[in-house]
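First up is the structure itself, then whatever we jot down about it.
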There are 2 protein chains.
Amino acid sequence: MSENMARVTTRQLILQTAEVHFMRDGYKGTSTRQIAKEIGITQPNLYHHFKNKESLYIAVLEMVASKALEDLKSIPAEVQLNLEESLIKMTHYLRKTHPYNFSVMMNDMKTEISQESSLALYRIFQKAYLQPFADLFDAHSDQIRSDYDSQLLANHFFLVIAPYMNPDNLSYSRLTIEAIVDFFLNGVVKD
Amino acid sequence: MSENMARVTTRQLILQTAEVHFMRDGYKGTSTRQIAKEIGITQPNLYHHFKNKESLYIAVLEMVASKALEDLKSIPAEVQLNLEESLIKMTHYLRKTHPYNFSVMMNDMKTEISQESSLALYRIFQKAYLQPFADLFDAHSDQIRSDYDSQLLANHFFLVIAPYMNPDNLSYSRLTIEAIVDFFLNGVVKD
DNA sequence: GTCTATAATAGGATAGAC
DNA sequence: GTCTATCCTATTATAGAC
């Protein structure tokens, strides 16, 4: 019962606020003081809910990944979409609901946290963000050049779209998601 | 005459060491103390040669960009290479001589330094790293789909290869440069 | 569960002697 | 041009009262 209460706990508030900061400013760029101040608690109070900064970071990434997994997996099944439509829809979903700095996030996962946690997080990350794309490529393997496996393709696709997910990054390039997917599928060379 | 002396000045030592640290660990991840320690000078001494950390960072990026510009520009002209061969050679050159964390670098350029410097650096960066690719696309525009201009294509190409330039990043994906260029040009869909 | 107080550290930067 | 000494600030983290 108490689990289903609508009341937002301090722990949840911390997680929500930390998500915004970590995903936008990275691990080093985020301070526990700032998070605490923003939600109106003292900084030491944060250490009652989380062991330290790293465990808070991990909790945020686990939360974010579980949301991504649930939603990304359901998109191709939702309606009958072809490969290109699915990629476009999934990428749009990512940019709308996860407008993160994935480049920074992938870097932080490797450099800012302990090695064991780093490996565990990478698996969670892979399952949440990469597997849905790998599954999609598998489902349409008849249309895809057979030289490379779906995991590698998913990995590459994610690296390609990652810099476009960050809203702060729009200054660089103004390719639409449709164009990015088109280039990924068909290349830039004339037929 | 004194400019051409083989003796390595302290200023040059600082620049060389700072390059390694900034490009691998990013702006925040690099400390002036560490740089000084590594070359056997005191940290305050560094402030005799550079106004502050930011101006050192800018000097490093200017140095790095001028090297890139010189070499990248010369590759397509060097021998008569077609589009694919040029892209492969230029990308190999980049990974060999600039094995940097470009994602972190691009992020630092926008977030860690003053706005004026940021804009100036972005122009230098664009001229050094993007223009050679844009020129190449222009030179082979007959083979390229005409929907997008060469600047946009160069930008996109650089974003695609950037995560593969960082040697620490190899764990993720093991696509070869040849495969990356092939995918970029021809896409992943069967003919 | 939240607070105050404070420790411990690290980092950028300056003053001033040599 | 390089050093020692030192300041200032920001940050993570802990101790212990309420």
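Note on naming: letters A, B, ... go to the chains in the order of the sequence lines (proteins, then strands), and numbering restarts at 1 for each one.
Just one of Thr176(A), Val181(A), Ile180(A) meets the side-chain contact (heavy atoms from CB on, under 4.5 Å) condition when paired with Ile88(A); it is Val181(A). Each of Leu15(B), Ile58(B), Thr32(B) was compared with Phe50(B) under the side-chain contact (heavy atoms from CB on, under 4.5 Å) criterion, and only Leu15(B) meets it.
When the side-chain nitrogen and oxygen atoms of His48(B) are compared with OP1 and OP2 of dT14(C), none of them lie within a distance under 4.0 Å. An OP1 or OP2 oxygen of dT2(C) is reached within less than 4.0 angstrom by no side-chain nitrogen or oxygen of Thr42(A). Within the 4.0 Å cut-off from OP1 or OP2 of dA13(D), not a single side-chain nitrogen or oxygen of Thr32(A) is found.
If you check dT2(C), dA13(C), dT12(D) against the side chain of Gln43(A), the one that comes closest is dT12(D). Which of dT2(D), dA15(C), dA13(D) sits closest to the side chain of Tyr47(A) comes down to dA13(D). Taking only side-chain atoms of Pro44(B), from C-beta outward, the nucleotide of dT2(D), dG1(C), dA5(D) with the closest atom is dA5(D). Listed nucleotides dG12(C), dA13(D), dA13(C) differ in distance to Arg33(B); the shortest reach to its side chain belongs to dG12(C). Listed nucleotides: dG12(C), dT2(C), dG1(D). Nearest to the side chain of Lys53(B): dG12(C).
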For this session: Go through Phe183(A) and Phe183(B) one step at a time and tell me if the ring-ring contact (aromatic ring centres under 6.0 Å, His included) criterion holds.
Result: CA-CA 9 Å; Phe183(A) 281 150; Phe183(B) 280 150; over 10 Å; no

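Among the protein residues, Thr30(A) comes within range of the sugar-phosphate backbone only, with heavy atoms under 4.0 Å from sugar or phosphate atoms but none that close to a base.
Geometrically, Lys110(B) does not engage Tyr122(B) in a cation-pi contact defined by less than 6.0 Å to the ring centre and at most 45° from the axis.
Taking atom CD of residue Glu54(A) and atom P of nucleotide dT11(D), one finds them 19 Å apart after rounding to whole Å.
When each of Asn45(B) and Tyr27(A) is assigned the nucleotide of DNA chain D with its nearest heavy atom, Asn45(B) is the one assigned upstream, toward the 5' end.
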